[in-house]
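A short write-up of the structure that comes next.
Here the structure is a predicted model, which means the values were calculated and not measured.
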Amino acid sequence: QVQLVESGGGLVQAGGSLRLSCATSARTSSPYAVAWFRQVPGKDREFLASIDATGRSTYYVDSVKGRFTISKDTAKNTVYLQMSSLKPEDTAIYYCNADAQFPISGDSLAGPYWGQGTRVTVSS
């Protein structure tokens, strides 16, 4: 079982940056990949990026390439999502997700473990 706790959300102006954190803990020594998703209430959940257990391989949805960067601090068991050039349409609740398989490349491939989410609001 993997536990995920997101943090770092908040209010930011358009064009600004924000770094989200996903602290992970597991009762298993098995490796797991971590992904970031986001969801606007009333809309479908959207996959953003994923990273493998080593932190060396990443996968992004095309729409965020160049603006968002996923990374992992293996010593801290924390995965980050650095977001830059933020737009009002990036406003959403951001969730991290974990699965044994990499890449997590979409909602249908999401793992069974989810965090509680952190809210990001981008003002125009």
Side-chain angles (χ1 to χ4, degrees):
Q1 185 175 5
V2 182
Q3 293 183 319
L4 308 165
V5 179
E6 302 94 335
S7 61
L11 175 64
V12 62
Q13 288 189 331
S17 298
L18 207 58
R19 189 179 78 162
L20 306 181
S21 299
C22 175
T24 73
S25 61
R27 295 185 179 181
T28 173
S29 59
S30 298
Y32 50 89
V34 174
W36 284 98
F37 289 76
R38 67 185 178 189
Q39 189 168 26
V40 176
K43 295 190 176 181
D44 292 338
R45 187 164 51 204
E46 178 185 14
F47 164 77
L48 300 173
S50 62
I51 192 165
D52 75 343
T54 69
R56 290 194 287 264
S57 295
T58 58
Y59 185 89
Y60 295 90
V61 68
D62 286 346
S63 60
V64 303
K65 285 180 180 178
R67 290 199 306 128
F68 291 7
T69 302
I70 191 170
S71 62
K72 181 176 183 179
D73 184 331
T74 54
K76 295 182 178 180
N77 290 323
T78 300
V79 173
Y80 303 99
L81 186 68
Q82 178 70 47
M83 306 185 293
S84 60
S85 302
L86 285 164
K87 308 172 185 179
E89 50 265 43
D90 293 317
T91 296
I93 300 173
Y94 285 68
Y95 298 90
C96 55
N97 172 266
D99 190 62
Q101 300 296 321
F102 175 81
I104 302 168
S105 57
D107 196 60
S108 63
L109 296 177
Y113 307 109
W114 292 92
Q116 84 289 350
T118 185
R119 184 180 296 272
V120 172
T121 303
V122 184
S123 63
S124 58

Distance, nearest 0.5 Å, that separates [atom1] of [X] from [atom2] of [Y]:
X     : Y     : atom1 : atom2 : answer
Cys96 : Ile70 : SG    : CD1   : 9.0 Å
Thr58 : Lys72 : OG1   : NZ    : 13.0 Å
Tyr80 : Leu20 : OH    : CG    : 11.5 Å
Arg19 : Leu81 : CZ    : CG    : 10.5 Å
Glu46 : Arg38 : CD    : CZ    : 4.0 Å
Leu48 : Asn97 : CG    : CG    : 11.5 Å

Which pair of non-hydrogen atoms, one from [X] and one from [Y], has the smallest distance, and what is that distance?
X      : Y     : result
Thr118 : Gly9  : OG1-N, 3.0 Å
Ser124 : Ala14 : CA-CB, 4.3 Å
Pro112 : Asp99 : CD-OD1, 3.4 Å
Ala35  : Ser50 : CB-CB, 3.6 Å
Tyr60  : Ala49 : CD2-CB, 3.5 Å
Lys76  : Thr78 : O-OG1, 3.0 Å

task = Might you work through the side-chain contact (heavy atoms from CB on, under 4.5 Å) test for Met83 and Arg67, ending with a clear yes or no?
result = CA-CA 6 Å; Met83 306 185 293; Arg67 290 199 306 128; over 6 Å; no
request  = For atom CD of Gln13, decide whether the heavy atoms of other residues, nucleotides or ligands shown that lie under 6.0 angstrom number more than 12.
outcome  =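 Incorrect, the count does not exceed 12.
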message = Can you tell me if Glu89 has over 12 outside heavy atoms packed within less than 6.0 Å of its CD?
response = yes
Could you tell me whether a side-chain N or O of [X] sits under 3.5 Å from a main-chain N or O of [Y], the two making a donor and an acceptor?
X      : Y      : answer
Thr91  : Val122 : yes
Asp107 : Arg45  : no
Gln39  : Ala92  : no
Glu6   : Gln116 : yes

key: Pair listing, ring pair (Phe, Tyr, Trp, His ring centres under 6.0 Å) test, anchored in residues 84-124, at least two apart   =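 Those involving residues 84-124 are Phe37-Trp114.
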message = Evaluate Lys87 against Asp90 for salt bridge (Lys or Arg N to Asp or Glu O under 4.0 Å), listing each step before the verdict.
response = CA-CA 5 Å; Lys87 308 172 185 179; Asp90 293 317; over 6 Å; no
task = Would you kindly confirm whether Leu109 and Tyr59 end up in one hydrophobic cluster when ILVMFWY residues are joined by side chain heavy atoms under 4.5 Å apart?
result = no
key: All side-chain contact (heavy atoms from CB on, under 4.5 Å) counterparts of Thr24, not counting sequence neighbours   =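 Thr24 satisfies side-chain contact (heavy atoms from CB on, under 4.5 Å) with Leu4, Cys22, Tyr32, Val34, Asn77 once adjacent residues are dropped.
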message = I'd like to check the side-chain contact (heavy atoms from CB on, under 4.5 Å) partners of Ser7; sequence neighbours left out, ordered by chain and number.
response =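 For Ser7, the residues satisfying side-chain contact (heavy atoms from CB on, under 4.5 Å) (neighbours in sequence not counted) are Ser21.
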request  = For side-chain contact (heavy atoms from CB on, under 4.5 Å), just list the numbers for Trp36 and Val79, CA-CA rounded to whole Å, side-chain angles, deciding distance to a tenth of an Å, and then say yes or no.
outcome  = CA-CA 9 Å; Trp36 284 98; Val79 173; 3.7 Å; yes
